[in-house]
Asks: 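After the structure tokens below, expect a handful of questions from me.
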Amino acid sequence: MFGRMFGSQKKRRASLNDLMAQVRPDLSRESLGVGPDFPGVAPNPSLSSDAGKRNAELRTGALALGVLVDWREVNSNPRVVLMFDVETAGGISFRGIADEALTITELTRLAPGQTLPVRYRPAVMDHYVALARDADPAHVQQLSDEIASRRRT
């Protein structure tokens, strides 16, 4: 009943993404460098059940390395969207988007080309990643060595 009354969830989500692209063209799929399957940046992830579920899954996701390409401030919290070129342990490369709340100190330390550990969801592969703040430095180094050795061969 509600689906007919208010339109389908998919249509609402599509129109919300279109609205975000109009209001913030710097957060459009094209500007972020992702394809049409990217669900988009939520205006307020705290109010989005999809974003909450996604963030919970990302906290336990697979570890990968992301080279910071660029970032966009979403608000002055500061909430930022970080764009990474991600490489996984399995050799898959993709553009990853992290929607993060950073401290001012963390924000001032961002630099393009910086390599950071990130987590992603291999079963979904929707371009979303999250900073892996909890990653064991030894595991990150092992992953880095594995990726570097694959590039040499």
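All values derive from a computational prediction rather than experimental measurement.
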Asks: Hey, are the side chains of Arg150 and Glu87 touching, using non-hydrogen atoms and a 4.5 Å cut-off?
Replies: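 Yes; the side chains approach each other to less than 4.5 Å.
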Asks: Mind running side-chain contact (heavy atoms from CB on, under 4.5 Å) on Val67 and Gln114 for me, showing each step along the way?
Replies: CA-CA 6 Å; Val67 176; Gln114 185 176 18; over 6 Å; no
Asks: Roughly how far, to the nearest 0.5 Å, is the CZ atom of Arg133 from the CD atom of Glu100?
Replies: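 So the gap between those two atoms works out to 5.0 Å.
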Asks: Can you name the side-chain hydrogen bond (donor to acceptor under 3.5 Å, both in side chains) partners of Arg121, sequence neighbours left out?
Replies: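 Arg121 satisfies side-chain hydrogen bond (donor to acceptor under 3.5 Å, both in side chains) with Glu57, Asp126 once adjacent residues are dropped.
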Asks: Look up atom CG in Asp99 and atom OH in Tyr128, then write down how far apart they are to the nearest 0.5 Å.
Replies: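 Between atom CG of Asp99 and atom OH of Tyr128 there are 7.0 Å.
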Asks: Looking at every heavy atom in both Ala130 and Ala98, which two are closest together, and how far apart are they?
Replies: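 The pair with the smallest heavy-atom distance is CA-CB, 4.4 Å.
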Asks: Sequence neighbours excluded, which residues qualify as side-chain hydrogen bond (donor to acceptor under 3.5 Å, both in side chains) partners of Asp85?
Replies: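 Testing Asp85 for side-chain hydrogen bond (donor to acceptor under 3.5 Å, both in side chains), a comparison that skips the adjacent residues, returns Arg95.
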Asks: Which distance, rounded to the nearest 0.5 Å, do you find between the CG of Leu82 and the CG of Leu116?
Replies: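 So the gap between those two atoms works out to 8.0 Å.
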Asks: Stepwise, does the side-chain contact (heavy atoms from CB on, under 4.5 Å) test hold for Arg54 with Val124?
Replies: CA-CA 10 Å; Arg54 178 185 65 243; Val124 179; over 6 Å; no
Asks: Which hydrophobic side chains are connected to Ile104, either touching it within the sub-4.5 Å cutoff or through other members that do?
Replies: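 Members alongside Ile104: none; it stands by itself.
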Asks: For Asp134, give me all partners under salt bridge (charged side-chain N to carboxylate O under 4.0 Å, His left out), at least two apart in sequence or on another chain.
Replies: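 Counting only residues at least two positions away or on another chain, Asp134 forms a salt bridge (charged side-chain N to carboxylate O under 4.0 Å, His left out) with Arg119.
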Asks: Report yes if some heavy atom in the side chain of Phe94 is under 4.5 Å from a heavy atom in the side chain of Thr88; otherwise report no.
Replies: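 Answer yes - side chains close enough.
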Asks: Where is the tightest heavy-atom contact between Ala64 and Val86, given as atom of each residue plus distance?
Replies: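 Here Ala64 and Val86 meet closest at CB-CG1, 3.7 Å.
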Asks: Applying side-chain contact (heavy atoms from CB on, under 4.5 Å), can you list everything that pairs with Leu107, at least two apart in sequence or on another chain?
Replies: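 For Leu107 the side-chain contact (heavy atoms from CB on, under 4.5 Å) partners, ignoring immediate neighbours, are Trp71, Glu73, Pro78, Val80, Leu102, Leu110.
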Asks: Among Ile, Leu, Val, Met, Phe, Trp and Tyr joined by side-chain contacts under 4.5 Å, find the other residues sharing a cluster with Ile147 and list them by chain and number.
Replies: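 Leu63, Leu65, Val140, Leu143, which link up through side-chain heavy atoms under 4.5 Å apart, make up the rest of the cluster.
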Asks: Of the non-hydrogen atoms in Met83 and Ile97, which two are nearest, and what is the gap between them?
Replies: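 Between these two residues, the closest heavy atoms are CG-CD1, 3.6 Å.
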